[in-house]
Student: 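I am attaching a structure below and will ask some questions about it afterwards.
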Amino acid sequence: MARAVADHLVNAIRAGELTVPIAATFPIERIRDAVALQAGRHVHGKVLITL
């Protein structure tokens, strides 16, 4: 069941039917900044870490 839901969500994102808001993107070297931003609880979207 959970796998079917996850597949449905991934397909909806790929099709452009569902958007995921991104609040900020940080390189891995700034992981502490990313965690601090998220810990502040004022983030409206996902905080991404790039490798």
Side-chain angles (χ1 to χ4, degrees):
M1 174 82 168
R3 177 63 186 215
V5 172
D7 288 343
H8 178 73
L9 289 174
V10 168
N11 290 333
I13 291 168
R14 287 182 179 157
E17 299 167 355
L18 178 67
T19 57
V20 178
I22 298 172
T25 304
F26 292 89
I28 191 70
E29 296 83 13
R30 292 187 52 210
I31 187 82
R32 290 178 188 255
D33 295 332
V35 171
L37 177 66
Q38 189 172 10
R41 298 192 166 263
H42 296 288
V43 177
H44 298 285
K46 298 297 179 185
V47 176
L48 302 180
I49 307 300
T50 57
L51 302 177

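Both backbone and side-chain heavy atoms feed into the values below; hydrogens, waters and symmetry mates do not.
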Student: R14: which residues meet the side chain to side chain contact (heavy atoms under 4.5 Å, CB included) condition with it, sequence neighbours left out?
Tutor: V10, N11
Student: Return the set of residues passing side chain to side chain contact (heavy atoms under 4.5 Å, CB included) with D33 (not counting sequence neighbours), or none when no residue passes.
Tutor: F26, R30
Student: Quick one: name the residues clustered hydrophobically with I22, using the 4.5 Å side-chain heavy-atom rule over I, L, V, M, F, W, Y, and just say none if it's on its own.
Tutor: L48
Student: Going by side-chain heavy atoms closer than 4.5 Å, which hydrophobic residues are tied to L18, directly or by a chain of links?
Tutor: V5, L9, I13, V20
Student: Side chain to side chain contact (heavy atoms under 4.5 Å, CB included) with T50: which residues, sequence neighbours excluded?
Tutor: T25, P27
Student: With a 3.5 Å cut-off and sequence neighbours excluded, list the donor-acceptor pairs that the side chains of residues 34-47 form with protein atoms.
Tutor:
{"unit_1": "H42", "atom_1": "NE2", "unit_2": "G40", "atom_2": "O", "d": "3.4"}

